[in-house]
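Structure first, then comments.
The model shown is predicted, which means the values in this text are computed figures rather than measured ones. Ligands are counted one by one from 1 in listed order, and the atoms in each one are counted from 1 as well.
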Amino acid sequence: MASSAPSTAPSSSSSTLSPAPPSPEVAELRERIRQLEAALAQASSSLHPLPPTPSTPTAPPHSTLRLGDVAPNFDALTQLGPFNLYAHMADHWLVLFSHPADFTPVCTTELARAAALQSELTARKVKIVALSVDSVEHHVQWIRDIEAINGVQLTYPIIADVDRRVASLYGMLQHDLVGQHPLPSTLPLTVRSVHILGSDRKVKAMIVYPASTGRSFDEILRVIDSLQLSEKYQIATPCEWKYGGSCMVLPSVKDSELPALFPKGVTIVRPWLKVTPFPE
Ligand code: BEZ
């Protein structure tokens, strides 16, 4: 005859036991864990997605911005307050130039030079905007140093692109330089890009330098002058051209149009090579 457990034996299932109330220490720990989890969830939801690092198996995002494209609008924070590209431009041209980080020596020389050129830029109806990857608070401290060291007043906005959002949009990142000098970071380095935008908001020129090479602002002014002249007259500017120098007649201009378009005269070196004095 098969034996069976006595029906009166106490069950080992905990469901029949009422749990002992947690000690005050355990209850306090549970509450602390709950608060930490809530704080973590809130912090994660406010983080911007980061660009992939080289260890990410997908290709890093690359800006597809090209000459002639309408520059994408964006909102950002600057040391002068909230910034919207199109609102800031209004009917001006704009130079947007990027930097690897605040408190770096080469960038400091560039920002000071741009500040010193403010009246030259204004005369050309050009606004200038810088971008660096640090916070507004760092920008404010850095600007104090730039002004004190160089004896300039820096009045243009510097975008605080802490998550590289604008740098990604404008293709200002060097993707093989992640977490490198000048600051430890998991993000790609923002290099020295220059975007020159026309008053029609189109990209007129893009120049990119590596972080180790400071830019020539004489060259940036030269490009602006060339662009603005060729928008007004049917000319292009030759190699090593400087403001005031002779210009080349656009190959598309017909001979019959030369007298009306170039009252200062045209030297026909070859049928395809025509030179005219500076048009203004
Ligand atoms: C600089 O601005 O001095 C700098 C920044 C990044 C790399 C090298 C130099």
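Between S212 and ligand 1, no pair of N/O atoms sits closer than 3.5 Å.
In this comparison of E110, H99, R192, the heavy atom closest to atom 4 (C) of ligand 1 sits on R192.
Near A211, with a cut-off below 4.0 Å to any heavy atom, the atoms of ligand 1 are 6 (C), 7 (C), 8 (C), 9 (C). Annotation for ligand 1: atoms under 4.0 Å from non-hydrogen atoms of V106 are 1 (C), 2 (O), 3 (O). Proximity to P100 (heavy-atom distance under 4.0 Å) selects the following atoms of ligand 1: 5 (C), 6 (C). For ligand 1 and P105, the ligand atoms under 4.0 Å from any heavy atom of the residue are 1 (C), 2 (O), 3 (O).
Minimum interatomic distance between D102 and S132 (heavy atoms only, all atoms of both residues): OD1-OG, 2.6 Å.
One finds the NE2 atom of H138 at 13.0 Å from the CD1 atom of I158 (value rounded to the nearest 0.5 Å). In this structure, CZ on F278 lies 5.0 Å from CG on L229, to the nearest 0.5 angstrom.
Members clustered with L65: L67, V70, F74, F83, L85, Y86, M89, L94, L96, V129, L131, I159, V166, L169, Y170, M172, L197, V203, M206, by chain and number, using a 4.5 Å side-chain heavy-atom cutoff among hydrophobic residues.
Residues that satisfy the side-chain hydrogen bond (donor to acceptor under 3.5 Å, both in side chains) test with D69, not counting sequence neighbours, are R66.
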